[in-house]
Amino acid sequence: KVVFDGDRLTVRYAFGEDSTQVSRIVGYCIVRPTKGGTYWKLRLRNGSSIDIMRSYAVDDYFRDFISQLPPLSDAEAATFK
């Protein structure tokens with residue numbers, strides 16, 4: 001589940017969660033592994049990332065948000081795979 005609460009983005013998984021301030025997200029890429037589902041990988045300013053499965057229920061607010069983020073270059077995205 002993806003939740004926006006003020007300036008925080010929280011992604012809740014079956015066994016935990018990731019959370020960050022929206023201002024710390026610097027870009028994203030779409031990862032299409034050979035096995036499993038496709039997901040967004042959000043890159044954070046500190047070099048870490050947050051994964052969001054594309055099968056998660058997201059609303060128009062999230063779609064608008066992610067469309068405003070800069071996509072990572074292929075070289076930047078490759079550092080996460």
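Model, not experiment: these values are computed from the prediction.
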Q. Any idea which heavy atoms bring Tyr13 and Asp51 closest together, and the distance?
A. OH-O, 2.7 Å
Q) Minimum heavy-atom separation for Thr38 to Pro33, with atom names? A) CA-CD, 4.4 Å
Q: Drop me the distance from Lys41's NZ to Ile50's CD1, to the nearest 0.5 angstrom.
A: 10.0 Å
Q.
Using 30° and 60° as the class boundaries, would you call the ring planes of Trp40 and Phe62 parallel, tilted or perpendicular?
A. perpendicular
Q) With a 4.5 Å heavy-atom cut-off, do Tyr28 and Ile52 have their side chains touching? A) no
Q: For residues Thr20 and Arg45, determine if any side-chain heavy atom of one lies less than 4.5 Å from a side-chain heavy atom of the other.
A: no
[X] and [Y]: same hydrophobic cluster, using ILVMFWY side-chain contacts below 4.5 Å?
X	Y	answer
Leu9	Tyr61	yes
Ile66	Met53	yes
Val26	Tyr39	no
Leu44	Ile30	yes

Q: Show the numbers, then the answer: is there a side chain to side chain contact (heavy atoms under 4.5 Å, CB included) between Leu69 and Leu42?
A: CA-CA 9 Å; Leu69 292 174; Leu42 305 181; 4.1 Å; yes
Q | Residue pairs involving residues 62-73 (criterion salt bridge (charged side-chain N to carboxylate O under 4.0 Å, His left out); sequence neighbours excluded) | A | Asp60-Arg63
**Q.** Selection residues 15-29 - residue pairs positive for salt bridge (charged side-chain N to carboxylate O under 4.0 Å, His left out), sequence neighbours left out
**A.** Arg12-Glu17
Q: Check the side chains of Ser19 and Arg8 for a donor-acceptor pair under 3.5 angstrom, ignoring hydrogens and angles.
A: yes
Q | Intermediate values then yes/no, side chain to side chain contact (heavy atoms under 4.5 Å, CB included), Val11 and Tyr56 | A | CA-CA 10 Å; Val11 181; Tyr56 284 10; 3.9 Å; yes
Q) Around Asp5, counting heavy atoms of other residues, nucleotides and ligands shown, do more than 12 lie under 6.0 Å from its CG? A) no
